[in-house]
Participant: 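Could you have a look at this structure, given as structure tokens, before my questions?
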Amino acid sequence: MTGLTDLKTLEKRAFRRFYEDGIFDVFLGLMLGTMAVGALVQDWIASETAGVLSMFGMSVVLVVVLMTVRRRLLRSRLGEFKPGPRRKRRIINVRLALLGSVVVGLILFGLVAAGGVSLVSLEVLMPLVWFINAVVVFGAMAYLLDVPRFYLHGFLFGLAMPLMVLPDVLWNYRVPPWIALGGPAAVIVMIGLFKLTRFLREYPVRSITEATNASP
Amino acid sequence: MAVDRLIHEPARLAIMTNLFVVESANATYLLQQTGLTWGNLGSHLSKLEEARYVDVVKGYNGKQPQTTISLTPQGRNALEAYREHLLAALAPLSE
């Protein structure tokens with residue numbers, strides 16, 4: 001039987017388990033990977049539209065697959081719970097942080113569209129904004145959801161754009177997208193797969209028949 | 001000073017504390033959190049339900065049977081009272 005733990009740790013541990021499956025990490029890495037694939041498609045077909053469309057299509061598929069797999073995997077192994085008020089507040093704060101990052105992105109996009117930022121400074125500014133945004137958003141998620149490895153994911157995710165753009169702008173050296181985006185993506189996916197294999201071993205499926213026969 | 005023996009039993013205390021930190025949970029969640037077997041969990045939940053410390057609602061999640069368990073207000077108060085009793089009983093040890 002699980003040893004007794006203080007209530008705060010108990011709640012943290014219960015919630016954190018729902019991110020121990022590694023699926024979210026795999027999803028994150030693959031999302032970054034779709035950007036690498038989109039960039040490759042753009043290069044091969046020489047069409048920005050094709051690149052963007054392929055990226056968008058893959059992202060939609062990923063989201064649907066993620067939600068389905070996660071629900072099936074977690075429900076049968078960890079069960080389900082409705083979080084208490086403290087955790088609900090934290091989840092709301094995470095959503096606000098994500099919304100904030102979207103708003104920042106839209107503002108910057110608006111500035112660019114309005115010609116408020118020169119092209120040269122934009123090329124340096126956008127990767128830095130990307131990096132700061134990723135670190136801040138994932139950092140907020142790590143803090144609010146009590147999942148420390150999201151700090152690392154924020155750093156890796158944030159590294160992708162500067163790695164792709166800045167060498168080109170500063171030293172005229174173009175890092176291939178499959179390295180700049182694919183490298184961090186691969187690391188995040190590998191972390192996710194490692195967590196997933198461990199999760200599958202630690203949390204076996206509880207048989208429904210067993211449950212129905214023995215439940216109160 | 002009487003300690004609530006219903007809560008004092010380690011397995012039931014684990015169930016109560018795990019339910020305290022959430023709004024509600026299903027049986028699989030409690031199993032994973034407490035490490036109990038299905039039979040044990042069922043037996044302890046029955047006792048807690050009899051004392052009206054927990055609510056056990058049986059239903060379906062799609063086609064799958066689902067049991068949703070939550071602490072009643074009485075159960076939450078009982079756990080808080082239990083905590084205060086223990087703290088009061090052990091307080092002299094910290095002096």
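First the proteins, then the strands, lettered A, B, ... as listed; each starts at 1. In what follows, every heavy atom counts, from backbone to side chain, and hydrogens, waters and symmetry copies are set aside. This is a predicted model, so every value here is computed, not measured.
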Participant: Assess whether atom OH of A:Tyr143 is packed by more than 12 heavy atoms of other residues, nucleotides or ligands within 6.0 Å.
Facilitator: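 No - once you tally the heavy atoms of other residues, nucleotides and ligands closer than 6.0 Å, there are 12 at most.
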Participant: For A:Arg77 and B:Thr28, work out which heavy atoms get closest and say how close.
Facilitator: O-CG2, 4.1 Å
Participant: Can you tell me which portion of A:Lys88 sits under 4.5 Å from chain B's heavy atoms? Options are side chain, backbone, both or neither.
Facilitator: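 Only the side chain of A:Lys88 comes within 4.5 Å of chain B.
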Participant: Using side-chain heavy atoms (C-beta onward) and a distance below 4.5 Å, is A:Glu80 in contact with B:Tyr29?
Facilitator: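 They are not in contact (no side-chain heavy atoms under 4.5 Å apart), so the answer is no.
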Participant: Rounded to the nearest 0.5 Å, what's the gap from CD on B:Glu23 to CZ on A:Arg87? Could you check?
Facilitator: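 It comes to 14.5 Å.
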Participant: Could you check whether atom CZ of A:Arg86 has more than 12 heavy atoms from other residues, nucleotides or ligands sitting under 6.0 Å from it?
Facilitator: yes
Participant: Does the side chain of A:Leu7 come within less than 4.5 Å of B:Phe20's, by heavy atoms?
Facilitator: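 Touching, per the 4.5 Å side-chain cut-off.
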Participant: Which of the residues B:Asn40, B:Leu30, B:Val21 is involved in the greatest number of heavy-atom pairs with chain A at under 4.5 angstrom?
Facilitator: B:Val21
Participant: Write down the atom of B:Val22, the atom of A:Lys82, and the distance for their closest heavy-atom approach.
Facilitator: CB-O, 3.4 Å
Participant: Working to the nearest 0.5 angstrom, can you tell me the gap between A:Leu10 CG and B:Thr17 OG1?
Facilitator: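 A:Leu10 atom CG to B:Thr17 atom OG1 measures 5.0 Å (nearest 0.5 Å).
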